[in-house]
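To start, the structure itself, in C-alpha cells.
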Amino acid sequence: MKKSIILIVLMAFANIAIAKVNVSIQELKGTWKVINPTYNDLIETFDFSNTSMSYTRQYSYNSKTETYTNKSQYYLSTGIPVKYDSTLVGKVKTGTHIIYYVLKMKLIKHYEIVSLKNDTLTISYYAPRAIGRNAGTVTLTLKRVSR
C-alpha cells in the first residue's frame, strides 16, 4: 500500500515537472522588463514583435552608462530544434519555447516559457559557462511594460 502511494506521488511530480506553458505570439508581444535583476545597476528589457525580439541591457559603471542591444528573429516551438528554421518565423503562433539564432556565434538559442500569468512572464535558459549564482539554469521574471 505504501509503495503504491509513493509511486502515485512520484508520478504526479514527474508530470508536473514535464508540464510546460504554451503561449501565443499575441500574449508575448510587447515590452518586458526583468524584475529582480542580478545586479542593482542593471536594467534588462525584452521587446517582442510578430517576427523579431530584441534584448537590451543597460548598466552603469563608474558614473558611465553603457547599453547593449541584440535583435534577432524568433519563432515559437513546442521543443528545442536541432536546426534553426527561419521559414517558421512569424508563422508558428504558439509554443513553449522561444527559438532564436545568434548569427555571431552561429548558435541556436532558446528560452523556455515557465509561466505567463497576467502581466508576469517567467522564462529560463541554460548558461553553461556562467559562474557563481548564474551557473546552470537561469530563470528570469519579467513584468510587462507595454503592449
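For the single chain, residues carry numbers from 1 onward in sequence order. These numbers come from the heavy atoms of this one structure, side chains and all, not from hydrogens, waters or symmetry mates.
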With under 30° as parallel and over 60° as perpendicular, where do the rings of Phe46 and Tyr55 fit, or are they tilted in between?
->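 Plane angle between 30° and 60°, so tilted.
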
Between Tyr111 and Tyr125, what is the ring plane arrangement, given parallel below 30°, perpendicular above 60°, and tilted in between?
-> perpendicular

Identify the two heavy atoms, one from [X] and one from [Y], that lie closest to each other, and give their separation to 0.1 Å.
{"X": "Arg144", "Y": "Gly30", "value": "NH1-CA, 4.3 Å"}
{"X": "Thr51", "Y": "Gly90", "value": "CG2-CA, 3.9 Å"}
{"X": "Ile108", "Y": "Pro81", "value": "CD1-O, 4.1 Å"}
{"X": "Leu76", "Y": "Val23", "value": "CD1-O, 3.7 Å"}
{"X": "Ser124", "Y": "Thr137", "value": "CB-CG2, 4.1 Å"}
{"X": "Ile113", "Y": "His97", "value": "CD1-N, 4.4 Å"}

Could you please spell out the steps behind the side chain to side chain contact (heavy atoms under 4.5 Å, CB included) verdict for Arg57 and Leu42?
-> CA-CA 7 Å; Arg57 172 183 271 186; Leu42 176 66; 3.2 Å; yes

Give a yes or no on whether a salt bridge exists between Asp119 and Arg147, defined as a side-chain N under 4.0 angstrom from a carboxylate O.
-> yes

Polar contact flag, side-chain donor to acceptor under 3.5 angstrom, [X]-[Y]:
{"X": "Asp85", "Y": "Thr87", "answer": "yes"}
{"X": "Lys93", "Y": "Ser24", "answer": "no"}
{"X": "Thr31", "Y": "Asp47", "answer": "yes"}

[X] (side chain) donor-acceptor with [Y] (main chain) under 3.5 angstrom:
{"X": "Tyr126", "Y": "Val138", "answer": "no"}
{"X": "Asp41", "Y": "Tyr59", "answer": "no"}
{"X": "Ser60", "Y": "Ser63", "answer": "no"}

Linking I/L/V/M/F/W/Y whenever their side-chain heavy atoms sit closer than 4.5 Å, directly or via other members, would [X] and [Y] fall into one cluster?
{"X": "Ile25", "Y": "Val92", "value": "yes"}
{"X": "Val102", "Y": "Val89", "value": "yes"}
{"X": "Tyr68", "Y": "Leu140", "value": "yes"}

Between [X] and [Y], is any pair of side-chain heavy atoms under 4.5 Å apart?
{"X": "Ile43", "Y": "Lys33", "result": "yes"}
{"X": "Asn50", "Y": "Lys29", "result": "yes"}
{"X": "Thr122", "Y": "Thr139", "result": "yes"}
{"X": "Leu142", "Y": "Ile35", "result": "no"}

Counting only heavy atoms not in Leu107, do more than 12 fall under 6.0 Å of its CG?
->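 Yes - once you tally the heavy atoms of other residues, nucleotides and ligands closer than 6.0 Å, there are more than 12.
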
Rounded to the nearest 0.5 Å, how far does OG of Ser77 lie from CD of Glu112?
->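 The CD atom of Glu112 sits 11.5 Å away from the OG atom of Ser77.
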
Spatial distance of atom CD (Gln73) from atom CD1 (Ile99) [nearest 0.5 Å] | 14.0 Å

Hey, which of Ile123, Leu121, Thr45 is the one that makes side-chain contact (heavy atoms from CB on, under 4.5 Å) with Trp32?
->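 Only one of Ile123, Leu121, Thr45 forms a side-chain contact (heavy atoms from CB on, under 4.5 Å) with Trp32, namely Leu121.
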
Worked verdict on His110 versus Ile98 for side chain to side chain contact (heavy atoms under 4.5 Å, CB included) = CA-CA 5 Å; His110 72 279; Ile98 301 165; over 6 Å; no

Report the C-alpha distance between Tyr75 and Tyr84 in whole Å, list the side-chain angles of each, state the deciding distance to 0.1 Å, and finish with yes or no for ring pair (Phe, Tyr, Trp, His ring centres under 6.0 Å).
-> CA-CA 9 Å; Tyr75 61 91; Tyr84 181 79; 5.4 Å; yes

Candidate pair Tyr101 and Tyr74, rule ring pair (Phe, Tyr, Trp, His ring centres under 6.0 Å), full reasoning = CA-CA 7 Å; Tyr101 187 75; Tyr74 80 97; over 10 Å; no

